[in-house]
2 protein chains.
Amino acid sequence: MVTNEVSTDIAIPDPDVLNPNCPTRLVLDRIGDRWTVLVVLLLREGPVRFTALRTALGGVAPKVLTQTLKAMARDGLITRTVYAEVPPKVTYELTELGHSLRAPIEAVATWAESNVSAIMAAREAASAG
Amino acid sequence: MVTNEVSTDIAIPDPDVLNPNCPTRLVLDRIGDRWTVLVVLLLREGPVRFTALRTALGGVAPKVLTQTLKAMARDGLITRTVYAEVPPKVTYELTELGHSLRAPIEAVATWAESNVSAIMAAREAASAG
DNA sequence: CAGAATCCCTCGCGATACTG
DNA sequence: CAGTATCGCGAGGGATTCTG
């Protein structure tokens with residue numbers, strides 16, 4: 001209708017990730033939060049305790065970590081195991097679903113590590129220009 | 001040192017994504033925001049105009065979209081092209097770096113689509129139980 | 001040790017109006 | 001059309017304190 005030099009009309013990608021009503025957004029929201037992704041990474045080798053997570057994450061507020069963990073458990077990504085011991089001991093572990101999320105997440109993480117330098121360079125170039 | 005049933009000490013995954021000081025966090029932050037991921041998805045077939053993006057995203061505030069686009073351009077993920085026409089025309093396009101981000105992002109999107117139902121189920125089970 | 005409760009506060013995101 | 005300029009809110013995140 002206009003020119004053909006660029007696609008003016010948007011070809012919606014097969015997924016409906018773009019549809020705000022689509023629950024797929026839920027996943028993006030979850031991944032979008034500050035800690036979920038890192039928790040998945042930390043749990044990949046097996047069960048980890050609350051405080052261990054807290055420490056590894058570099059000082060998250062307990063409230064926030066609890067929130068994150070609860071949300072993840074609610075969504076079936078992790079399980080919570082309480083040991084009848086004193087002092088208390090609770091561990092979190094990836095479910096099968098949680099494990100299946102590792103691949104995509106690690107793909108992103110790997111990309112991040114490989115390309116941070118490029119991004120930083122671009123960023124400095126931008127502020128320089 | 002305690003028991004061996006679970007890994008109490010955290011084995012930091014090879015990457016240092018967990019280090020708050022690590023710039024890798026930058027990437028997660030960027031991906032964590034509401035629109036970046038969707039923009040990448042929308043740009044995968046070629047250049048797209050501002051309003052087309054806006055429409056496809058379902059009514060983002062122009063200010064927000066501009067913010068997102070600027071941040072992405074600053075980080076070298078997209079380029080902005082202005083056409084000397086009336087009415088004005090500006091297109092955004094993935095850079096090579098931006099394109100390289102597609103794979104990981106699409107992996108997440110695909111996972112999302114495949115597993116939303118499982119997540120929803122888990123969520124309902126949680127609220128039911 | 002694991003978390004609940006509380007208070008606080010930034011800032012991401014949105015809505016609206018206006019301009020080159 | 002492609003933005004900028006303002007205004008504003010609400011949620012997510014954080015620091016601290018307390019308890020089972």
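Within every chain, numbering begins at 1; the chains are lettered A, B, ... in the order of the sequence lines, protein sequences first and strands thereafter. This one's a predicted model, so the numbers in the text were calculated from it and none came from an experiment.
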Next item on the list: Respond yes when some side-chain nitrogen or oxygen of B:R49 is under 4.0 Å from OP1 or OP2 of D:dC1, and no when none is.
Entry: no
Checklist line | Atom-to-atom span, CZ of A:R30 to P of D:dG13 - whole angstrom | finding: 10 Å
Check: DNA chain C: B:T68 or A:L69, which has the more 5' nearest nucleotide?
Finding: A:L69
Notebook entry, point to check: Once you round it to whole Å, what is the distance between P of D:dA2 and CD1 of B:I78?
Noted result: 14 Å
Next item on the list: Provide, to the nearest angstrom, the distance between the CZ atom belonging to B:F50 and the P atom belonging to D:dC1.
Entry: 12 Å
Next item on the list: Test side chain to side chain contact (heavy atoms under 4.5 Å, CB included) on A:Y92 and A:V39 and set out the steps.
Entry: CA-CA 10 Å; A:Y92 295 88; A:V39 168; over 6 Å; no
Notebook entry, point to check: For the pair made of CG in A:D29 and C1' in D:dA11, what is the distance, rounded to whole Å?
Noted result: 12 Å
Checklist line | B:W35 CH2 - C:dC13 C1' separation (whole Å) | finding: 9 Å
Next item on the list: Measure from CD on B:Q67 to C1' on C:dG12 and round the result to the nearest Å.
Entry: 7 Å
Check: With no hydrogens and no angle check, is any side-chain donor or acceptor of A:T95 less than 3.5 Å from a backbone partner on A:L77?
Finding: yes
Margin query: Side-chain N or O of B:K70 versus OP1/OP2 of D:dA2: is the shortest distance under 4.0 Å?
Written below: no
Next item on the list: Tell me what A:V90 touches on the nucleic acid: a base, only sugar-phosphate, or nothing, going by heavy atoms under 4.0 Å.
Entry: sugar-phosphate
Notebook entry, point to check: Roughly, in whole Å, what's the span from CG in B:L65 to P in D:dT4?
Noted result: 11 Å
Next item on the list: Would you please confirm or rule out a distance under 4.0 Å between OP1 or OP2 of C:dA2 and any side-chain N or O of A:T51?
Entry: yes
Next item on the list: State, yes or no, whether a side-chain contact exists between A:L65 and A:P62 at a heavy-atom distance under 4.5 Å.
Entry: no
Item checked: Side chain of A:R34 - closest among D:dT4, D:dG14, D:dA2 -> D:dG14
Next item on the list: Using the side chain to side chain contact (heavy atoms under 4.5 Å, CB included) rule, take A:V40 and A:M72 through it: C-alpha gap first, then chi angles, then the decisive distance, then the call.
Entry: CA-CA 10 Å; A:V40 171; A:M72 292 179 73; 3.7 Å; yes
Check: Is the base of C:dG14 touched by the side chain of B:K63 through a donor-acceptor pair closer than 3.5 angstrom?
Finding: yes
Next item on the list: Can you tell me the distance, in whole Å, between the CG atom of A:D33 and the P atom of C:dC13?
Entry: 13 Å
Next item on the list: Determine the contact category for A:P88: base if any of its heavy atoms lies under 4.0 Å from a base atom, sugar-phosphate if only primed atoms, P, OP1 or OP2 are that close, otherwise nothing.
Entry: base
Item checked: Transitive ILVMFWY side-chain link B:F50 to B:V86, under 4.5 Å -> no
Note to self: For A:G32 and A:P62, find the nucleotide of DNA chain D closest to each by heavy atoms; which residue's nucleotide sits nearer the 5' end?
What the structure shows: A:G32
